[in-house]
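Keep in mind that this is a model prediction, so the values were computed, not measured.
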2 protein chains.
Amino acid sequence: MTEDSVSRRRRHRPEEAERAILAAARSFLESNPFREMTVEGVMARTGLSRPAFYAYFRDRYDLVTRLLEGIGGLLFAVDRRWLVGAEESRKEASVVLADALRRGAETFVRYGPVLRAISDAASQDARVEGVYRYGLIERLVDAVADRIERDVETGLSPDDLEPEETARALVLMTERYLLDAFGKPEECTTREKTGAVVEALVSVWVRTLYGLGP
Amino acid sequence: MTEDSVSRRRRHRPEEAERAILAAARSFLESNPFREMTVEGVMARTGLSRPAFYAYFRDRYDLVTRLLEGIGGLLFAVDRRWLVGAEESRKEASVVLADALRRGAETFVRYGPVLRAISDAASQDARVEGVYRYGLIERLVDAVADRIERDVETGLSPDDLEPEETARALVLMTERYLLDAFGKPEECTTREKTGAVVEALVSVWVRTLYGLGP
DNA sequence: ACTATCTGTTGACGTCGTGTCAATAGACAT
DNA sequence: ATGTCTATTGACACGACGTCAACAGATAGT
């Protein structure tokens with residue numbers, strides 16, 4: 001089973017051990033919340049001893065920060081089409097936006113436990129908070145605010161929307177709601193559940209920005 | 001200055017000391033995040049020793065749970081009028097809803113640091129998580145879902161809204177956004193800022209539920 | 001006023017997880 | 001075979017936690 005896992009008292013290439021630790025952390029977070037993640041608990045899943053951890057990571061907050069690195073970019077990528085788009089009708093914009101939200105949700109389904117761990121860690125450590133809230137989230141807010149500003153200028157969205165604040169509200173809603181839906185380690189995620197979640201998000205975003213519906 | 005603060009090696013009535021500890025915790029959280037709140041740090045603000053803490057509270061998570069008790073009810077109270085209301089026009093409903101959101105925001109302005117601390121603690125302790133997320137938040141979601149369901153039935157809101165999921169998205173957005181705006185210990189909260197935040201929240205809620213605007 | 005009792009209070013202790021460091025022992029080159 | 005390099009680890013000190021027996025201030029009874 002754990003063919004590639006690291007065995008005790010053996011030398012490895014630095015990256016090999018580092019990747020083994022990252023994998024062990026991911027595996028751990030699949031079934032346990034971040035608050036139960038201890039350095040010893042993670043290292044037990046590699047064949048290495050606890051002190052070996054500190055050769056590769058400063059502490060467990062550094063560990064989740066690196067876990068985020070592999071995912072952070074994805075969250076931008078999936079939304080890019082809507083984020084940089086413009087000059088469509090409300091109907092068109094809605095469709096593109098709905099697609100972006102659906103892809104974003106799928107990313108959360110896939111990396112839910114890890115993202116939940118990062119979110120939890122952010123409230124416990126100033127460094128993680130910086131990377132996650134003020135790095136990732138804030139950049140998403142800015143990007144969304146840009147798009148909203150353009151939509152207000154082109155008349156797609158009403159001009160009583162304050163782009164910055166509206167963007168922050170919508171992004172924070174999405175983050176929190178998706179974490180709530182897909183971040184629990186135990187939950188098994190069904191396709192119907194995913195559909196309902198995406199539908200609710202699309203409703204709020206589209207009705208807020210493009211006012212389709214009654 | 002600290003006339004009523006507890007002095008060392010003196011006996012007190014149980015509630016007197018307990019209230020002093022709760023006050024010390026509130027005061028601590030006014031200027032420090034929860035992650036820096038230690039039992040020793042709190043007790044240093046009373047005249048009591050660290051072990052005395054454990055005569056009144058099980059641990060620091062129990063402490064924030066009790067801090068929440070005094071506030072949790074308020075969040076329901078301010079929204080009650082809209083939550084239990086019905087049979088109004090969209091315009092009327094919007095006004096009542098906007099008022100509820102404004103009052104809710106004011107509660108957050110007032111108790112921001114404490115609520116932030118509770119939210120942070122919820123990710124670190126299963127008991128706090130139970131009280132906060134599955135107690136307070138979930139009950140708010142249910143109440144909002146009820147109201148949405150009635151609005152859908154009476155035709156005020158469109159019937160493609162799924163009440164439960166929409167309610168959860170909106171409530172989580174509001175919680176997260178208000179915490180983000182008013183939960184930082186250092187921030188000085190201006191009246192303009194409050195206004196902008198409430199306006200953004202009202203936009204999203206009203207446009208989602210009652211679709212006013214273009 | 002003296003004493004006994006009750007109980008709020010605390011110094012001292014054991015525990016747990018952390019982060020560090022000198023010493024150890026594989027792997028590789030010569 | 002031998003030496004060098006460095007990944008690895010046992011052992012240590014630290015900080016915060018939660019507990020407990022012992023202490024001492026308040027109160028009641030005489």
Q | Check: A/Arg60 side chain, C/dG17 base, donor-acceptor under 3.5 Å | A | no
(Q) Nearest to the side chain of A/Arg11, heavy atoms from C-beta on, is which of D/dC17, C/dT18, C/dG26? (A) C/dG26
Q: Output the single nucleotide from C/dG8, D/dG18, D/dT9 whose closest atom is nearest the side chain of B/His12.
A: C/dG8
Q: Examine A/Arg60 relative to A/Phe34 and say whether NZ or CZ is less than 6.0 Å from the centre of the six-membered ring and inside a 45° cone about the ring axis.
A: yes
Side-chain donor/acceptor pairs under 3.5 Å, residues 66-85 of chain A, sequence neighbours excluded:
from	atom 1	to	atom 2	distance (Å)
A/Arg66	NH1	A/Glu18	OE2	2.6
A/Arg66	NH2	A/Tyr56	O	2.9
A/Trp82	NE1	A/Tyr210	OH	3.2

Q | Per B/Val39 side chain, nearest of listed nucleotides D/dC17, C/dG11, C/dC21 | A | D/dC17
Q: Report the nucleotide, chosen from C/dG11, D/dC17, C/dC21, that has the shortest atom-to-atom distance to any side-chain atom of B/Tyr54.
A: D/dC17
Q) Rounded to the Å, how far apart are B/Met37 CE and D/dA16 P? A) 14 Å
Q) When you check the phosphate oxygens OP1 and OP2 of D/dC17, does a side-chain N or O of B/Thr38 lie under 4.0 Å from one of them? A) yes
Q.
Judged by each residue's nearest nucleotide on DNA chain D, which is more toward the 5′ side, A/Ala55 or B/Pro51?
A. A/Ala55
Q.
So, under a plain 3.5 Å distance rule, would you say the side chain of A/Arg50 forms a donor-acceptor pair with the base of D/dT9?
A. no
Q | Nucleotide nearest A/Leu48 (side chain, heavy atoms from C-beta), chosen from D/dT9, C/dG19, D/dA7 | A | D/dT9
Q) How close or far is atom C1' of C/dT9 from atom CD of B/Glu16, stated in whole angstroms? A) 14 Å
Q) Do B/Leu201 and B/Met173 have side chains that get closer than 4.5 Å, going by heavy atoms? A) yes
Q. B/Glu40 has an atom CD; how far is it from atom C1' of D/dC14, in whole Å?
A. 13 Å
Q) Checking all strands, does A/Tyr56 fall into the base, sugar-phosphate, or nothing category for heavy-atom contacts under 4.0 angstrom? A) sugar-phosphate
Q | A/Asp99 bridged to A/Arg103 by N-O distance under 4.0 Å | A | yes
Q | Closest-nucleotide 5' rank along DNA chain D - winner of B/Arg13 and B/Tyr61 | A | B/Tyr61
